[in-house]
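Here's the structure we're looking at; comments come further down.
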4 protein chains.
Amino acid sequence: MRVGTLLRRLIAEGQVTDPDSPKGRLLGAAARLFRQKGYSRTTVRDLAAEVGILSGSIFHHFANKDEILFGVMIEVVTAMEEMLKVSLAEATTTREKVRVLIDNELLFIHGKTGDAAAVLIYEWRALSEERQRQVLERRDNYYRLWNECLQQAHDEGLITVDPDCLRQLLHGAIVWTVHWYEADGEMSLEQLGEQVLNMALKGEP
Amino acid sequence: MRVGTLLRRLIAEGQVTDPDSPKGRLLGAAARLFRQKGYSRTTVRDLAAEVGILSGSIFHHFANKDEILFGVMIEVVTAMEEMLKVSLAEATTTREKVRVLIDNELLFIHGKTGDAAAVLIYEWRALSEERQRQVLERRDNYYRLWNECLQQAHDEGLITVDPDCLRQLLHGAIVWTVHWYEADGEMSLEQLGEQVLNMALKGEP
Amino acid sequence: MRVGTLLRRLIAEGQVTDPDSPKGRLLGAAARLFRQKGYSRTTVRDLAAEVGILSGSIFHHFANKDEILFGVMIEVVTAMEEMLKVSLAEATTTREKVRVLIDNELLFIHGKTGDAAAVLIYEWRALSEERQRQVLERRDNYYRLWNECLQQAHDEGLITVDPDCLRQLLHGAIVWTVHWYEADGEMSLEQLGEQVLNMALKGEP
Amino acid sequence: MRVGTLLRRLIAEGQVTDPDSPKGRLLGAAARLFRQKGYSRTTVRDLAAEVGILSGSIFHHFANKDEILFGVMIEVVTAMEEMLKVSLAEATTTREKVRVLIDNELLFIHGKTGDAAAVLIYEWRALSEERQRQVLERRDNYYRLWNECLQQAHDEGLITVDPDCLRQLLHGAIVWTVHWYEADGEMSLEQLGEQVLNMALKGEP
DNA sequence: GATGAATGAGCTTTCATTCAT
DNA sequence: CATGAATGAAAGCTCATTCAT
């Protein structure tokens, strides 16, 4: 399944905001600016200017700035989890599943949702504690999917190191690609996924 | 050589500020607070309170807030580079050298300089562009050391993937440990280093 | 005559808005909220919410917020004056008339119109100057009725102090009951009226 | 004892702010403006302009606008209570004491503290609930002095009505003078006090 | 009539920075 | 060197009012 297809479903379910609605355009601009300049250096006036409205109008859609950050984060983490579930269900072997873990994350980081994903990772401390808890719930669900999968790989001898430790190391390696990988460079996203998979799995084919 | 020994040398050379001087205490507090709350959410008053002076007095030591952030970053990046140089010189085999790359970075992230290292990584966008350039120079020197070393490992067949790509993946994996590795947990820093090394090098123990 | 009877007449005459009409319900809610929270701390949205419409719709009934405050004030001051006229006409002796002055005011402050009466007294400065003038006219008519009556009482030797001064003192004493008198407490409104009358008239039972 | 003498003592004790200090000048201006335009229609910019500083500087002296209102109120209620205590101690007969109750209040309403006294009375709802409690404590102390005194007058047959009710009626009559009494008019403040005393006490001189 | 998104001026508050003492 | 009051620009947010639907 393609990400686009899933997003349409999530929009229909109300879990993700339609990017063509005023609120959705605001979230998109927020993701872009928060990533570019950081949350606290982005003013609501910047945000408003980006979507062509006035600063006061923002507060028709969000109660405060924190809620915008929350919106960006919760929607992308939701989409990541849902997409991962669907993709894992489509994979047959454990090896394929591990590949799915990696590719799914790379897809969200370097696809259209890249800004939101980067914000989710790098603006964590800027979110109010109460809302951190809500995002955390979702993120834990997502991590659980990783853990189950890597545990299975460990049981089958595909990997030898502690699955929990490996998850964190891989996650770090993938997340960091935000800073250097260029989608339109020499290496395709698939090749990058393969490199990471190689790092994850000892021996092979 | 221990980090402490090196730092004393760098202090003597004026490349790093004596942490017992007023300016040094300020930098230490800045590193801690910038990491904890983020640069823009840390006020100059917070900083002053942390070291027991009043906000106005800070500007006897630094021209502005940006210069404080710069101070934190430039000193840690300098120390990381210098320490890496020394440690690499002490290593004999290429394998050992790769290990040194990893351990050196882990040491800076989880040792006494951890706060500054985290700030270097996560507050990059907060630094003014002109000073970013200055830090970048140093960081490029540091990366060059990694590249040379990994290139050699590649030439010797220790690693098979593109050294540049591997460097970034490893760097990401190591940097991310900031978020999950606990120095006083079950796993020692050395064991962690070994895990990363295993991930880096195909084949043997 | 009862207040209710008079109000029906005033509604028929168009001097007071029917409290069951949308506009009337708005005025009632405004009186309540303006008294409770004060005019400037009551938002047009609060008002709309109270009567179950949306904020924009308010401006079909009133040109602006100031006009709502004016509506509350002018209607209650009108009713107070009209009611006082009727009641004075029904009184025979001067003593009875003074009693009517007092009771009429107490009735408006502690009856159904209490909120509006309190707003009239305590939100004076919030009203635009131009509209203050209009309310002032009515209020002066009302005061004239007091003055005439107290002057008569003075001429008859019922009171000895300056009628104008006495009017203000009594008015103050009555208005302040807003803050402490409880209609469902031990003292009936009539007993309260008697206490005030005693204060007003020297001498006899 | 004169009010000025008492205020000097209270300033020395730190219970009242020196009106010549920056903070004191701010409180004076706040009392004036809050009375004139109402608390919520007075902006901190108005306040700053009134004392010739910039709006930001206000927050060196007060944490927020609410604290300014609190400052105005708590200082005047404190002074009223302290002044009343001293004056009551100087009075010999009960009749004199009742006169002191009245005169003290008139003095605060029409003297230099008049603005603050008016704010205390008319901006009550604008104060945050937590701080209302603190002012309430002081005000209750003040009312207790009234009650004790009027109770004594009742025991001695000077007054016949319920002391508690009388206190409220008198208080209302006095407070309302804010709206009509002019210190530079025909009637002196002493004459006004006498009128109120006459209203309070049956029988006479 | 009612809606509700948008407006835009204006609010309180924050904060890096300055400077006379 | 340290102080701390003052600065002033800019922040997040509020809210009466408008208007196309």
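Values reported hereafter were calculated over all heavy atoms of this structure, with side chains retained and with hydrogens, waters and symmetry mates removed. Note on naming: letters A, B, ... go to the chains in the order of the sequence lines (proteins, then strands), and numbering restarts at 1 for each one.
- Among the nucleotides F/dT3, E/dT7, E/dT13, the one closest to any side-chain atom of D/V44 is E/dT13.
- Going from atom CG of A/L54 over to atom P of F/dC13 covers 17 Å, rounded to whole Å.
- When the nearest nucleotides of DNA chain E are assigned to A/S55 and C/P22 by heavy-atom distance, the more 5′-ward of the two goes with C/P22.
- In this structure, the CZ atom of D/F34 is 12 Å from the C1' atom of E/dT12, given to the nearest Å.
- Ranked by how close their nearest DNA chain E nucleotide is to the 5' end, A/R45 and B/T43 are led by A/R45.
- Of the N and O atoms on the side chains of D/S55 and D/R45, not one donor lies less than 3.5 Å from an acceptor on the other residue.
- Among all heavy-atom pairs drawn from D/I74 and D/Q134, the shortest one is CD1-O, 4.1 Å.
- Using a 4.0 Å cut-off, no side-chain N or O of B/H60 falls inside it from OP1 or OP2 of F/dT3.
- Spacing between atom NZ of D/K23 and atom P of F/dG4 amounts to 15 Å, rounded to whole angstrom units.
- If you take CD1 of D/I68 and C1' of E/dC11, they are 14 Å apart, rounded to a whole angstrom.
- In this entry E/dT7 has F/dA16 as its Watson-Crick or G-U wobble partner, both defining distances falling under 3.5 Å.
- Taking atom CZ of A/R41 as the reference point, atom C1' of F/dA10 lies 15 Å away to the nearest angstrom.
- Nucleic acid contact for B/T42: sugar-phosphate only, since backbone atoms but no base atoms lie under 4.0 Å from a heavy atom of the residue.
- Taking side-chain N and O atoms only, B/H61 has a distance below 4.0 Å to OP1 or OP2 of F/dA2.
- Here C/E137 does not pair with C/R131 in a salt bridge; the nearest charged N to carboxylate O distance is not below 4.0 Å.
- Nucleic acid contact for B/I53: sugar-phosphate only, since backbone atoms but no base atoms lie under 4.0 Å from a heavy atom of the residue.
- A/R41 and A/D46 are not joined by a salt bridge, as no carboxylate oxygen comes within less than 4.0 angstrom of a charged side-chain nitrogen.
- C/S57 has a side-chain polar atom (N or O) that falls below the 4.0 Å cut-off from OP1 or OP2 of E/dT3.
- Rounded to a whole Å, the NZ atom of B/K65 is 14 Å from the C1' atom of F/dA10.
- Counting to the nearest Å, the P atom of F/dC15 and the CG atom of C/N64 are 17 Å from each other.
- Remark: of the listed residues A/W124, A/Y39, A/Y122, A/F70, A/Y39 is the sole one forming a ring pair (Phe, Tyr, Trp, His ring centres under 6.0 Å) with A/F34.
- In this structure, D/I58 and A/Y39 both approach DNA chain F, and ranking their closest nucleotides by distance from the 5' end singles out D/I58.
- Two residues are said to be in side-chain contact when any heavy atoms from C-beta on lie closer than 4.5 Å; B/I68 and B/I58 meet this criterion.
- Using Watson-Crick or G-U wobble geometry with both donor-acceptor distances under 3.5 Å, F/dA10 finds its partner in E/dT13.
- Across all strands shown, D/S21 has no heavy atoms under 4.0 Å from either base or sugar-phosphate atoms.
- The partner of E/dT21 is F/dA2, by the rule that a Watson-Crick or G-U pair needs both atom distances under 3.5 Å.
- Residue D/F59 contributes atom CZ, which lies 12 Å from atom P of E/dC11 at whole-angstrom precision.
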